[in-house]
Every structure is written in C-alpha cells, then in structure tokens.
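We count ligands from 1, going down the list as the structure has it; atoms in each ligand are counted the same way.
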Amino acid sequence: MTSANPSPSSMPEALIGVLGGSGLYAMEGLSDVEELQLNTPFGKPSDSLRRGRLGDAQVVFLARHGRHHSFLPTEVPYRANIWALRSLGVRWIISCSAVGSLQEALRPLDLVVPDQFLDRTHQRPCSFFGEGAVAHVSLAEPFCAELSKLLCEAVEEVLPPERHLHRGGTYLCMEGPAFSTKAESNFYRSLGCDVIGMTNHTEARLAREAEIAYTTLAMVTDYDCWHPNHDAVTVEMVIANLKANAATAQEVVAKAAAKLHQLRPSSKAHTALANALMTAKEHVPAPTRERLDLFTTPYWGPFN
Ligand SMILES: CSC[C@H]1O[C@H](OP(=O)(O)O)[C@H](O)[C@@H]1O
Ligand SMILES: Nc1ncnc2[nH]cnc12
C-alpha cells in the first residue's frame, strides 16, 4: 500500500527505525508492509519508508542512499530522512553501515558498534536549526549507550564463533565520494580512529537534535588503503563483503527489535533539547517554528 503523509493520529506508532546503508536496501522479514511516500519541511526522504512488523515490533525501514543507491553520501537528504522517521513516531534508530577498518584487529566481516565519532565532512547541512532558531545539543556521547548495549547483545546471540564483535571504537566520517588517500588513512590511524565511513556522523547529529536514540551496526568490508598486505578498498570489495554480511545484519536487527520492543529503555537522547534551545520561542520566525514543531512542541508548545 502506498500513502502520502498520513495524519499522525491515524498511525500506529513505529518506534524503531532502521537505516539501511550500502548493500542493505530492504529489510527481509518485515511483514504487513506499507510504503509511505512522505514529504517533509526539509524535502523528500531518500526513498519511500517501509513500515511493517518485525516479529512483534513495529519497524520502519529506509534505504539511506535510496533503494537503487542513487544518492552520494554528500547528497543523502539526511534531514528529511530523520524528520520523516520522527514523524512516524521513531525514537530508536539502528543504522546498518559498511565501514573500512583502520586497525589490524578489525578484520573484514567483523562487526563494530562504535561509541565515538571524528567528523571530517564539510559539504552537508548538519542541523535542523538556524534561520532564527539556535540550539546546541550535547554530542559528547553521540551514540545511545543503552541502545548500543542492546544491539551488542543481539549481535552476540547471532554471530558465529569465527566472527568477531568489537564494542566501542571511533568512526571517522569523511565526505567522499572518493575513498581516502594513504596519507589520510594513516593520519586517521594516528588519531586513534578505528573505522571509516561517509554517512553516520551527519545522521547521528541530526538524530540527537530530533531526540532519537541512535546506534550503528558497522560491518567491516575492507582495510581502507593503509594496510601493506591488503589491496586498497574498491566498491567491488565492499559489496562482496556486504553480501556475505547481509543475512547477519538482518538477523541482528530482528533480534535487537524484539529486545527493544520488550524493554524500551529510556535514553538521554530523548530529552536532548531540554537544555539546548537558546532562542526564546517569541523571537523565532513563524516559518522556522513551524518547521521545528515536530521536535520543539514539548518545550515551546504546539505551533498552532
Ligand atoms: C560503497 S562504499 C562507500 C559507501 O559505503 C558506506 O555507506 P553506508 O554508510 O551508507 O553503509 C560509506 O559510508 C559510503 O557511503
Ligand atoms: N574504506 C572506506 N572508506 C569510506 N567508507 C567506506 N565504506 C566502506 N569502506 C569504506
């Protein structure tokens, strides 16, 4: 079924959002699927959102690059994606992403649940705020610790013994689309970064502003280009390893959704704006207030 911007009151809440990255363009196992083509104050999302049931949990899936992989990391409409998920009631996001490894011990096919970021992007909108409304959320802990813990437990129930899960690590977010030079790759290693990708920091930062808890299931696909005994990363390499990982990713997400559905832990992310809003609502221009209403209602009251 396809529908355009259903009224929020007519929708069952979908609390868990899954963002599929490179190689993950659909969510196997999602049943009773509705295809939702949404419009947002920040433009159109990357694709229709697919809302359905995963076991007992209500889940919304969105392919961040579009189902045909049409958006560069720079071009992904991150704000529209996050706004659309939040408008469907999502308060927990599991991002599934391909990453390069910057450390010997993180081997292709290993899984990593990072806990920090270093941001090297420079060409994308990275805030819902601006145009007369200023907010400064905390990003000291950019991933939700509770959600990451639950995701790790799900991974451990699913992962075969020969594969490894690494809890924690710093995700270097580069602009792309070209991969790094050796000098850059070695520089990121010297800074202590663990994995490298092109999407997650932008998303996590916007999710925080939208008061959505965010975590990442990072699937190692290559050793980037620093490793003397491995070829430099190519798309072919990434896709081959992702294909080998796709089934695992789907199983992990299903397990994590089941846990989340039962536990629904609270997250500091859910009140991220409580101490972040600087501008008094009276001084915010009406169009800006309207655009932010989805996030600011608890603090500023409803716009209309
Ligand atoms: C296809 S390799 C580079 C591409 O893969 C990663 O995408 P995602 O984070 O959506 O899984 C990386 O960030 C780049 O966008
Ligand atoms: N080496 C790499 N650099 C950036 N993004 C990636 N995604 C997968 N591998 C990557």
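Against a heavy-atom cut-off of under 4.0 Å, H65 is close to the following atoms of ligand 1: 7 (O), 8 (P), 10 (O), 15 (O). Counting atoms of ligand 2 from 1 in the listed order, those under 4.0 Å from a heavy atom of T221 are 8 (C), 9 (N). The contact set between ligand 2 and M198, taken as ligand atoms under 4.0 Å from a residue heavy atom, comprises 4 (C), 5 (N). Interface of R64 with ligand 1, defined as ligand atoms under 4.0 Å from a residue heavy atom, comprises 8 (P), 9 (O), 10 (O), 11 (O).
Regarding atom 4 (C) of ligand 1, its nearest protein heavy-atom neighbour is S22 OG, 3.4 Å. When hydrogens are left out, the protein atom nearest atom 7 (N) of ligand 2 is A98 O, 3.4 Å; that is the closest non-hydrogen contact.
Across Q123, H122, E175, a single residue satisfies side chain to side chain donor-acceptor pair (under 3.5 Å) together with T74, and that is E175.
At distances below 3.5 Å, at least one donor-acceptor pair connects side-chain atoms of D115 with backbone N or O atoms of G169.
Ring centers of F117 and F143: under 6.0 Å apart, within the cut-off.
The nearest non-hydrogen atom to atom 14 (C) of ligand 1, considering only E236, M198, E203, comes from M198. The option with the heavy atom closest to atom 2 (C) of ligand 2, from among T199, D224, L102, is D224.
For ligand 2, the polar-atom distance check against V233 finds no nitrogen or oxygen pair separated by under 3.5 Å. Taking any N or O of A98, backbone or side chain, at least one lies under 3.5 Å from an N or O belonging to ligand 1.
Contact analysis leaves G176 out of contact with ligand 1, as no non-hydrogen atom separation drops below 4.0 angstrom.
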